[in-house]
> 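Starting off with a structure, shown below.
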Amino acid sequence: MNNKVMGVRRCTWVYLVLMFFSFITYFVGRLELSGLTISLFVLLLALIKGQLVGAYFMGLGRLRGLWRWPVFIWLFIPGTLISIAFYLSA
Amino acid sequence: MAQAFTKTMARNIFYGGTAFFFLLFLALTFDSMGQLPNRDNRAALEGEFGPKIAMGKILWEENDCIGCHTLLGEGAYFAPELGNVYTRFGNSTDAIKGFIQSRPADGIPGRRSMPQFNFSAEELDALAEFLKYVSEINTAGWPPNTQG
Amino acid sequence: MTYKSQSVAKLYFIAAIALFAAQILFGLILGLQYVMGDFLFPHIPFNAARMVHTNALIVWLLMAFMGAAYYLVPEESETELFSPLLAILMFWIFLVAAGLTVAGYLLVPYSTLAELTGNDLLPTMGREFLEQPTITKLGIVVVALAFLFNIGMTILKGRKTVINLVLLLGLTGLAVFFLFAFYNPTNVVLDKYFWWWVVHLWVEGVWELILGSILAFVLIKVTGVDREVIEKWLYIIIAMTLITGIIGTGHHYFWIGTPEYWQWWGSIFSAMEPIPFFMMTVFAFNMVNKRRREHPNRAATLWALGTAVMAFLGAGVWGFLHTLSPVNYYTHGSQITAAHGHMAFYGAYVMINLTIISYAMPLLRGRNAANSNKSQIWEMWSFWLMTIAMVFITLFLTGAGILQVYLQRVAENPQPFMVVQDQIALFYWLREIAGLMFFGGLVVYIASFFVGQDEPEATVAQS
Amino acid sequence: MQEQVIDTSDVLHDRHPPGDLAIWIFILAELSVFAVFFAAYAFTRMNNVELFNEFQQHLDRQSALLNTLTLITSSYFVVRAVAAIKENNHKLCVNWLLAAISMGFLFVVIKSAEYAHHFGEGINLSTNTFYMFYLSLTFFHFMHVIMGMVILGAVAIKAKNGGYSDIEHTGVETGASYWHMVDLVWLILFPLVYVMR
């Protein structure tokens, strides 16, 4: 089996995980769960999803050097800021 | 391995990005135009003092008041802000008229002074009404205090 | 000079420099009036001097842009100008109109000028930077259209390079957005809203295309770096400029009666506006470092690098300083704005024009590539004098602005405008001194055109 | 200098991101704007928790979920399109691209219905701070979806005309990268605006 097919398979798994996480997020909303822990949990799911998209769909995960990181950093900085803001307002 | 970085792509981003953000700007402008009636005090323009205010604005422009003053923060920074002069002068058009009238023709030695424009009573009225109208525009709370 | 018709640029450049001198002279008068309020009163009141100061600036920048276009378009298109005669004719019309307008500002009261020129028929006067009589504005439109026609036809019949197209796009945008100068409703909010379509979309929009293309042209010439590389960076930089700058107009819509969401849109996008300027700085230095040849005109290279740095500082950094709405709430319409305006205009637009003049003038005057060493040394001295003076002007105005904002708007007992002005007079004195230094630099600059004319051209030291 | 790319197969450890560098500069700029917007939302919410929590309840979470699924799915389709062109299969590539575009179209339809509902209630940017952010963020993103569809459409047309191959497919990757960015932004936007409270 060559690399390309493996790449696609991996992305299919990633796709399923993304769908699954989205449903969880939705049900959290649907049940109108609230509070800091819940919010941060939902945020964490979103950040993981973002990292999966960046690493596998965009293909940054297999890079060496600087270009491996922009999406991670992009998720990290606003993620942190949002966490702080929610923490302070909880 | 070499990185692709082509002029064609750079060009496409320039044209695409510009068009995109200009359209967004137009969309926001469209929304703003819809909101302005709630904020820009156009009721005053359509009311009985409307013609006076219009005359006042022409006078404001034809004497280049903006060349020394600011109006809502825009203009020259040589003389006080006038967007809120009506409130600063105790909500009085008479005080505004009195001030404009009282300027000495030869200035004040050593100090900045507003010229004496020799306005007629009607013109003074118009200018004061114009400044009152501007002071009643909803400026999101600017300036921070009456000093302008 | 490769094409004969490029020589029309010389007229434009000379007139531009003359108006530059007038602008600075009136700047000094203004600076003095800030501290000696009755200076020249009532003969040249502050507002008249200020109109000359700002309008002369705009006109000379436009003249130099046109000169730059007449110089670089034939060379880029590899063909003679479509009509040199039209270019010369338009030059004189423009110059005479500008001269008459300035004379009008100085000789008669502004209201008389308005009456004489029939402002009541189509009132457009008396708005900041657009003080010109309506008839002058119409003249500007005619000149701009003829100019665009001339340039456009030249490009059409010749080679279409990126630099040409970007320049043409910038110049067309300049003409199009100027048309909003004719829209002047009684409603002050509407008036201001679209007034910014001229002012902001000029200086933080289409003018930057002109700036970028002139800079790219000079960099290609003095560094010998491959056109392909320079052109793609030009595209990226101007793309970033417009992406951030168009919505960035919102930073003028915080407090003029426009909806409050502009505070967010304006703050966020204008916070990004320094990025393209930073890219431009990196780009210019990179290209010069990667240069494939030593150009004997070192002064032009210095101006080009200076433009990149000072535009970043003036437009980028000093703009960012007061662009976020919570900050702008306190600084709006204060000396902070003046500080930013001075350095941004100097860094971005004055310097880019001096760059192209520095590159083109020796060629227009019959040199092969550059002026004599002596002349260049004078010119480089003027670069440093003017640039350092401008840094000081900006710093002093910033100091004045911070103090003004504090005393008038932040302090527990806010004080009236004029009381505050007295308290910050020291900064105004210092600014005036820095202004004199700038004027000195300008004198050296003008002198550089006359010294060392009989000496041989500068050559490149073999390395 | 025109630098040509000779493939970027899935062989490991490349140094450069897929697609044209120019699009990545653009993507980074766009991401920064969204990042600032997100942070602004969170910190403004801090001072208006009740307002935000109240009006968040008025949003249509079901539509948001559907939209999330459409975007993730279309993003996955785009991955398949890139894989297809690397196999030199134009036709398959075009089909995946068209599938991705139709998913984008579905997003636009759902979101438009949501907007129609809001506008029908007279809600606009000036209604309150929550709606200002909600509308600004989602509409700005909405325009990106449309822009992404235009880009994918252009790529699809070129692919259909045989403009790409297993050797030269930078254009497909460029469009794909942009589209993933549109997806990525929504993945944060969805929980932040619709769910987190």
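Hydrogens, waters and symmetry mates are skipped; everything else that's a heavy atom, side chains included, is used. Lettering of chains follows the sequences in order, A, B, ..., and the numbering in each one begins at 1.
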> What distance do Gln147(B) atom CD and Phe417(C) atom CZ have between them, rounded to the nearest 0.5 Å?
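Output value for this atom pair is 11.5 Å.
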
> Verify the distance criterion only: is there a donor paired with an acceptor across the side chains of Trp196(C) and Glu74(B) at less than 3.5 Å?
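Per modelled atom types, Trp196(C) and Glu74(B) side chains form a pair under 3.5 Å.
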
> For Leu26(B), is it the side chain, the backbone, both, or neither that has a heavy atom closer than 4.5 Å to a heavy atom of chain C?
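Looking at Leu26(B), just its side chain touches chain C.
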
> Under 4.5 Å heavy-atom distance to chain C, tell me which part of Asn145(B) shows up: side chain, backbone, both or neither.
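Only the side chain of Asn145(B) comes within 4.5 Å of chain C.
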
> Which residues, numbered in order, of residues 80-101 of chain B come under 4.5 angstrom of chain C by heavy-atom distance?
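The list, in residue order, reads Pro80(B).
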
> Can you list the residues that meet the side-chain hydrogen bond (donor to acceptor under 3.5 Å, both in side chains) rule with Gln263(C), with sequence neighbours excluded?
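Residues passing side-chain hydrogen bond (donor to acceptor under 3.5 Å, both in side chains) with Gln263(C): none at all.
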
> Who passes side-chain hydrogen bond (donor to acceptor under 3.5 Å, both in side chains) against Arg111(B), sequence neighbours left out?
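Result, side-chain hydrogen bond (donor to acceptor under 3.5 Å, both in side chains) vs Arg111(B): Asp422(C).
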
> List the steps, then state whether ring-ring contact (aromatic ring centres under 6.0 Å, His included) holds for Phe25(B) with Trp197(C).
CA-CA 11 Å; Phe25(B) 184 55; Trp197(C) 285 40; 5.2 Å; yes

> Got Trp60(B) and Val188(C) here, is their nearest side-chain heavy-atom distance under 4.5 Å?
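A side-chain contact is absent here, since even the closest heavy-atom pair is not under 4.5 Å.
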
> Is Lys57(B) salt-bridged to Asp191(C), cutoff N-O under 4.0 Å?
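A salt bridge links Lys57(B) with Asp191(C).
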
> Not counting sequence neighbours, which residues clear side-chain contact (heavy atoms from CB on, under 4.5 Å) with Thr161(C)? List them please.
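Once residues adjacent in sequence are excluded, the partners of Thr161(C) under the side-chain contact (heavy atoms from CB on, under 4.5 Å) criterion are Glu76(C), Arg159(C), Ile163(C), Asn164(C), Arg227(C), Glu231(C).
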
> With only heavy atoms counted, which part of Asn41(B) is less than 4.5 Å from chain C, the side chain, the backbone, both or neither?
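Neither part, no heavy atoms under 4.5 Å.
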
> Going by the angle between their ring planes, with limits at 30° and 60°, are Phe78(B) and Tyr34(C) parallel, tilted or perpendicular?
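Phe78(B) and Tyr34(C): perpendicular rings.
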
